[in-house]
Trainee: 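One structure coming up, written as structure tokens, with questions to follow.
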Amino acid sequence: MFGPPPRIALDFSHPKPRDGMPTPTNADLVARWKDEPAPLLPLLHALHERDGHLSEDALRDVSRQLRIPIADLFGIVTFYHHFSRDAGGAERPRVCTGPVCAMRGADVLVASLRAAGHDPQAMPCPGRCDQPVPVIQGDTVLTGRTAATLTSGPSPLPAPPPDGIEECVFAGIRTPGRATLDGYRSQGGYEALTRAVGEMTPDEVIGVVDRSGLAGRGGAGFPTGRKWRAVAEAPGEPRTIVCNADEGEPGCFKDRVLMDHDPHGLVEGMALAAYATGAVRGFIYLRYEYPETFDVLEGAIAEAVAAGLMGDGILGTGFSFDLMVRRGAGAYICGEETSLLNSLEGKHPFPRNRPPFPVTHGYDNLPTVVNNVETLASVPPILARGADWYQGLGRGGHAGTKVISLSGDIARPGNYEVPIGLPLRELLDDWAGGPLPGRCFQAVTMAGLSGGFLGARDLSVTLDEPSIRAKESFLGAGGIMVFDDSRNMIAVTRESMEFFAEESCGKCFPCRIGTQRLVERLDGKGPRDLDAWVDEVTDLSEVMKKTSACGLGQAAPLLTESLLRYFPDQVREFVAVRGPQQKG
């Protein structure tokens with residue numbers, strides 16, 4: 001469909017203004033954005049792109065014009081990974097050092113880039129575990145194993161499912177032209193929206209979603225219909241729909257393929273959510289690491305507006321809904337819904353204390369729906385085909401489907417839309433081709449990294465929350481990384497915990513300190529006595545789970561807990577051989 005991807009050399013030339021266009025001043029850019037909804041992030045991005053970094057003069061102008069205290073603004077800017085304060089910093093190549101890319105030669109690529117005269121820096125997983133190893137330079141994403149073999153290209157399409165398996169969000173995604181308005185409408189796109197606004201009340205739309213059993217596909221699994229009804233009934237206007245497209249969990253890359261190849265499915269889903277709840281504005285909060293996706297979404301929204309499917313008087317009715325895209329700037333914690341809302345509002349992206357919840361006190365402290373990409377993209381087919389149809393897609397009494405991002409030591413990595421309740425072994429062996437030649441499965445992660453590990457003895461679970469929670473893990477956003485018997489699970493756990501330590505926002509000390517102490521224990525510090533080492537790690541884990549302010553600090557200990565559960569022999573050898581003589 002797309003042909004072979006082009007091979008591209010890294011280009012460090014500074015971005016230039018368009019021919020005949022003067023370079024915008026700070027005042028020009030501030031004037032462009034200051035009166036727009038959620039102005040801070042797009043303004044900072046515009047300055048960053050113009051200069052290649054964020055200068056002190058630019059930030060002081062932003063501080064004055066947006067009335068943000070300069071100390072607060074510096075704190076916000078320096079919190080994000082991808083805003084550089086050093087001249088030329090935006091042009092440095094950033095190389096993924098996430099778990100899968102670490103296994104697939106990230107260190108070799110870094111060395112290759114240095115040998116070619118570049119100055120690469122590490123970055124957390126940018127959501128391309130199916131295309132190791134990614135490099136981001138400016139707004140260009142390349143993948144490859146050496147500097148000379150880096151290529152660019154679209155997100156890989158998911159492989160067709162086995163015979164007899166019916167999909168929901170992937171049903172039309174492989175059709176050429178699906179990303180365009182004409183292509184989407186040729187397969188029934190926007191028919192659900194047309195029927196909803198023309199024939200159904202908002203409460204009837206919520207009723208169909210509720211009866212379908214659709215639950216949040218971003219990790220929390222809260223019933224979608226209940227959330228929408230809570231927002232519809234909450235006092236306060238205007239209401240807002242926010243799409244959480246900050247897909248920052250390592251091992252997850254499902255939302256990227258949906259947005260790249262089926263953007264109108266998301267746009268229609270957000271319009272339906274707006275109609276159902278009475279919302280008049282919406283934001284897609286897109287992770288920074290998906291620059292090409294930004295252009296795809298902006299194009300889809302423009303097409304929808306031109307066709308009367310978005311904006312004022314949608315389809316000739318009194319229903320209006322404005323949709324905007326806002327790019328994040330690289331912060332894992334912004335995947336947590338209240339941190340995302342603070343980021344949108346131009347605040348430091350700390351998690352908020354709850355209650356109150358976003359359904360009553362969300363964006364601008366008003367009723368807000370926050371759903372992820374997969375959840376919203378599921379709504380149009382549910383409205384088109386009915387609640388019973390969606391219920392019937394699952395197995396074992398479970399409703400619907402789930403997109404699984406599968407990567408690591410597996411024959412065919414990629415995205416798979418599976419029935420809820422599918423046996424994990426069936427996915428690994430039959431759908432994805434099993435382990436690599438001569439190897440066997442040692443462990444998989446669940447929920448990206450947040451669910452910890454399942455060892456080989458527990459790979460008989462089914463892909464649904466009750467089955468996986470019975471093994472002290474959870475399905476979450478559906479990222480599964482596979483580790484075969486060649487991998488050192490102590491090293492894998494240490495690298496994964498270091499990610500959480502780096503991404504901790506620092507607001508609460510159990511997470512801020514606890515993740516770092518667990519990294520130290522996995523790095524060789526701590527007692528040599530096995531029982532004492534285990535007691536320390538267990539105590540740290542329990543405190544973090546009970547007292548951390550958000551899911552990051554509560555989930556990170558699942559890594560060490562599952563390490564102790566499944567790999568006691570590796571832990572015993574590590575403590576005896578590598579542990580120091582004294583506590584650290």
Trainee: Does Arg327 come within less than 4.0 Å of Asp139, counting only side-chain N to carboxylate O?
Mentor: yes

Trainee: Quick one: which residue pairs count as a ring pair (Phe, Tyr, Trp, His ring centres under 6.0 Å) with a foot in residues 351-388, not counting sequence neighbours?
Mentor: Phe283-Tyr363

Trainee: Where the side chain of Thr317 meets the backbone of Gly313, is there a donor-acceptor pair that is under 3.5 Å apart?
Mentor: no

Trainee: Between Glu247 and Arg256, is there a donor-acceptor pair closer than 3.5 Å when you use the side chain of the first and the backbone of the second?
Mentor: yes

Trainee: About how many Å separate OG of Ser548 and CD of Gln554, when rounded to the nearest 0.5 Å?
Mentor: 6.0 Å

Trainee: Report yes or no: does Ser504 contribute a side-chain atom to a donor-acceptor pair with the main-chain N or O of Phe500 at less than 3.5 Å?
Mentor: no

Trainee: Return the minimal non-hydrogen interatomic distance between Val242 and Met270, and the atom names on each side.
Mentor: C-CE, 4.4 Å

Trainee: Decide, yes or no, whether a salt bridge links Asp203 with Arg229 under the criterion of side-chain N to carboxylate O below 4.0 Å.
Mentor: yes

Trainee: Once rounded to the nearest 0.5 Å, what's the spacing between atom CG of Leu41 and atom CD of Glu345?
Mentor: 11.5 Å

Trainee: Parallel, tilted or perpendicular, judged at 30° and 60°: which one describes the rings of Phe83 and Tyr80?
Mentor: perpendicular

Trainee: Do Thr338 and Glu336 have a side chain donor and acceptor closer than 3.5 Å?
Mentor: yes

Trainee: Using the rule given for side chain to side chain contact (heavy atoms under 4.5 Å, CB included), can you reason through Leu43 versus Leu66, listing the C-alpha separation, both sets of side-chain angles and the distance that settles it, and then say yes or no?
Mentor: CA-CA 10 Å; Leu43 174 55; Leu66 297 189; 4.0 Å; yes

Trainee: Could you state the interatomic distance from CG (Asn415) to CG (Leu406), rounded to the nearest 0.5 Å?
Mentor: 9.0 Å

Trainee: Tell me whether the guanidinium CZ or amine NZ of Arg512 lies under 6.0 angstrom from the six-membered ring centre of Phe509 and within 45° of its axis.
Mentor: no

Trainee: Quick one: NZ on Lys402 to SG on Cys168, what's the gap to the nearest 0.5 Å?
Mentor: 11.5 Å

Trainee: What residue among Leu193, Leu272, Leu266, Val169 forms side-chain contact (heavy atoms from CB on, under 4.5 Å) with Pro380?
Mentor: Leu272

Trainee: Does Thr462 use its side chain to pair, donor to acceptor, with the backbone of Asp464 at less than 3.5 Å?
Mentor: no

Trainee: Going from CD1 on Ile420 to CD on Glu465, what distance comes out if it is rounded to the nearest 0.5 angstrom?
Mentor: 8.0 Å

Trainee: Can a donor-acceptor pair be found, under 3.5 Å and without considering hydrogens, that links the side chain of Glu167 to the backbone of Glu417?
Mentor: no

Trainee: With a 4.0 Å cut-off, would you call Arg239 and Glu237 a salt bridge?
Mentor: yes

Trainee: Taking atom OG1 of Thr180 and atom CZ of Arg185, what is their separation to the nearest 0.5 Å?
Mentor: 11.5 Å

Trainee: Can a donor-acceptor pair be found, under 3.5 Å and without considering hydrogens, that links the side chain of Lys545 to the backbone of Pro557?
Mentor: no

Trainee: Are Asp210 and Lys227 within salt-bridge range, i.e. N to O under 4.0 Å?
Mentor: no

Trainee: Is the shortest distance from a Lys or Arg side-chain nitrogen in Arg287 or Asp246 to a carboxylate oxygen in the other one below 4.0 Å?
Mentor: no

Trainee: Without hydrogens or angle criteria, can the side chains of Ser339 and Asn342 be said to hold a donor-acceptor pair below 3.5 Å?
Mentor: no

Trainee: Look at the side chain of Thr293 and the backbone N and O of Asp260, then say whether any donor-acceptor pair between them is shorter than 3.5 Å.
Mentor: no

Trainee: Tell me if the CZ atom of Arg469 is crowded by more than 12 foreign heavy atoms within 6.0 Å.
Mentor: yes

Trainee: Apply side chain to side chain contact (heavy atoms under 4.5 Å, CB included) to the pair Asp255 and Glu374, showing each step before the final yes or no.
Mentor: CA-CA 6 Å; Asp255 292 342; Glu374 184 184 350; 4.0 Å; yes

Trainee: Will you find, in the side chains of Thr240 and Arg281, an N or O donor that is under 3.5 Å from an N or O acceptor?
Mentor: yes

Trainee: Side chains of Glu289 and His81: is there a donor and an acceptor less than 3.5 Å apart?
Mentor: no

Trainee: Does Trp228 offer a backbone N or O that forms a donor-acceptor pair with the side chain of Thr277 under 3.5 Å?
Mentor: no

Trainee: Side chains of Gln187 and Thr175: is there a donor and an acceptor less than 3.5 Å apart?
Mentor: yes

Trainee: Are Phe474 and Ser450 close enough, and set up right, to give a side chain to side chain contact (heavy atoms under 4.5 Å, CB included), and what steps lead you there?
Mentor: CA-CA 8 Å; Phe474 60 99; Ser450 294; 3.9 Å; yes

Trainee: Assess the residue pair Leu44 and Leu54 against the criterion (side chain to side chain contact (heavy atoms under 4.5 Å, CB included)); give the C-alpha distance rounded to whole Å, side-chain angles, the decisive distance to 0.1 Å, and a yes or no.
Mentor: CA-CA 8 Å; Leu44 293 176; Leu54 291 174; 4.2 Å; yes

Trainee: Output yes when a side-chain donor or acceptor of Thr368 lies under 3.5 Å from a complementary backbone atom of Leu366, and no otherwise.
Mentor: yes

Trainee: Just say parallel, tilted or perpendicular for the rings of Tyr184 and His264, cut-offs at 30° and 60°.
Mentor: parallel

Trainee: Counting only N and O atoms by type, is there a donor-acceptor contact under 3.5 Å from the side chain of His48 to the main-chain atoms of Ser84?
Mentor: yes

Trainee: Between the side chains of Glu337 and Arg352, is the shortest nitrogen-to-carboxylate-oxygen separation below 4.0 Å, so that they form an ion pair?
Mentor: no

Trainee: Give me the ring orientation class for Tyr288 and His45: parallel if the planes are under 30° apart, tilted from 30 to 60°, perpendicular past 60°.
Mentor: parallel

Trainee: How about Tyr332 and Glu249: does a side-chain donor come under 3.5 Å of a side-chain acceptor?
Mentor: yes

